2 protein chains.
Amino acid sequence: MNIGQAAEASGLPAKTIRYYEDIGLVPPAARRDSGFRDYGTRDVHVLRFVARARGLGFTVEECRQLLALWQDQDRAAGDVKRLTQERIALIDDKIAQLQALRATLDHLARSCHGGDRPDCPILDGLAQDETP
Amino acid sequence: MNIGQAAEASGLPAKTIRYYEDIGLVPPAARRDSGFRDYGTRDVHVLRFVARARGLGFTVEECRQLLALWQDQDRAAGDVKRLTQERIALIDDKIAQLQALRATLDHLARSCHGGDRPDCPILDGLAQDETP
DNA sequence: GATGAACCTTCCAGCAACGGGAAGGTCAAG
DNA sequence: CTTGACCTTCCCGTTGCTGGAAGGTTCATC
């Protein structure tokens, strides 16, 4: 199948598939005489794997590792679990940061009357010399 | 003061200050005869404002708007509040997405024994044809 | 067989928001 | 006078794509 159909089947844009091939995340696709890339179901399976891992927030580099582990019959499940737990820890950090930001912004927004008058505690808060 | 001291005082790296000047987020600094940038307390105040807004997750473009509002004596507090609430909504979306990711990853990780054996439900999960 | 649309190819450029580092100028201390 | 810590501009690299230009292919239709 052509790249367009592989894109459809994998859920990745064609551009992204070419990009992944460029950076060596997925192996180069077979080519027809015309030069068109030619994908089989096995290739699509790999693309779907990558699409799902990216969708779960794994970086491209992590996807590379996960793919290698996936295709390694002798892999240890522990390696995969470790990668996954590291990613969970990063997500937890990110969530905590965002929640702190949200709290600060919410505090600022609640203290602001929001009318047409120019006095605004949000700007005052941002302008303060000390971080609360 | 030199850019290094302004960096120290504002909490922004010198590189970032130059960058903000480049893209017109902050006005060009005064220059000495030597060509060195020269900052006063007013400039540092602006830089601190930007540093704080960026730290709260406002994009550079939003900072541009906030700065304009900050310096506009006739601004309406409602404009600032709206910007802030939009940012809160974005943060909420982001948090929800991350929590969903975390749940999926956690589910995968918990189902994985994590030992030396090759059978790994995480990889199996990523390889599935259907998203759960 | 010609035409047109819908594909495909490569390459080049750019997004956010900086950071690294080169090549060179300046300043204050010893 | 020299050393070392600053400063200047400039250009490239990052992450993960996305858009567009210029051109080739395929397939249906006239």
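As a basis for the values below, the full set of heavy atoms in this structure was taken, side chains included, without hydrogen atoms, waters or symmetry mates. The structure presented is a predicted model; accordingly, all values stated were derived computationally and were not measured. Below, chain A is the first sequence line, B the second, and so on; all start at residue 1.
What separates CG of B:Asp33 from P of D:dC7 is a distance of 17 Å, to the nearest Å. The distance from atom CD of A:Glu62 to atom P of D:dT15 is 12 Å, rounded to the nearest whole Å. When rounded to the nearest whole Å, the span between CG of B:Asp38 and C1' of D:dC6 equals 14 Å. Put simply, CD1 on B:Ile3 is 12 Å from C1' on D:dT9, counting in whole angstrom units. Protein atom CD of B:Glu8 is 16 Å distant from nucleotide atom C1' of D:dC7, rounded to whole Å. If you take CD of A:Gln5 and P of D:dT26, they are 14 Å apart, rounded to a whole angstrom. Atom P of nucleotide D:dT25 and atom CG of A:Asn2 are separated by 14 Å, given to the nearest angstrom.
Distances were taken from every side-chain heavy atom of B:Arg37 (C-beta onward) to each of D:dT8, C:dC18, C:dT9; the shortest belongs to D:dT8. Which of C:dT10, D:dC7, D:dG16 sits closest to the side chain of A:Arg31 comes down to C:dT10. Candidate nucleotides C:dA17, D:dC17, C:dC27 were compared by shortest atom distance to the side chain of B:Phe36, and C:dC27 ranks first.
Taking each heavy atom of A:Leu56 and B:Leu101 in turn, the nearest pair found is CA-CD2, 3.5 Å. When all heavy atoms are compared, the tightest approach of B:Cys63 to B:Val50 is SG-O, 4.4 Å.
Contact annotation: the side chain of A:Phe49 never approaches that of A:Val26 to less than 4.5 Å [non-hydrogen atoms, C-beta and beyond]. With contacts defined as side-chain heavy-atom distances shorter than 4.5 Å, the pair A:Glu21/A:Ile17 does not qualify. Within the 4.5 Å cutoff, side-chain heavy atoms of A:Met1 are placed close to those of A:Val44.
Map A:Val60 and B:Ser34 each onto its nearest nucleotide of DNA chain D; the residue landing nearer the 5' end is B:Ser34.
The main-chain N or O of B:Arg18 is never found under 3.5 Å from a side-chain atom of B:Arg37 such that the two would form a donor-acceptor pair.
Residue B:Arg32 places no side-chain N or O under 4.0 Å from the OP1 or OP2 atom of C:dT26.
The 12-atom threshold is exceeded at CD of A:Glu86, counting heavy atoms of other residues, nucleotides or ligands nearer than 6.0 Å. For A:Arg32, the CZ atom counts as densely surrounded, since its 6.0 Å shell holds more than 12 non-hydrogen atoms of other residues, nucleotides or ligands. Within a 6.0 Å sphere centred on CZ of B:Arg82, other residues, nucleotides and ligands contribute more than 12 heavy atoms.
In the region residues 10-23 of chain B, proximity to DNA chain C at under 4.0 angstrom, judged on heavy atoms, holds for B:Pro13, B:Lys15, B:Thr16, B:Tyr19, B:Tyr20.
Axis angle across the helix from C:dG1-D:dC30 to C:dG30-D:dC1, with five pairs used at each end and values rounded to 10°: 30°.
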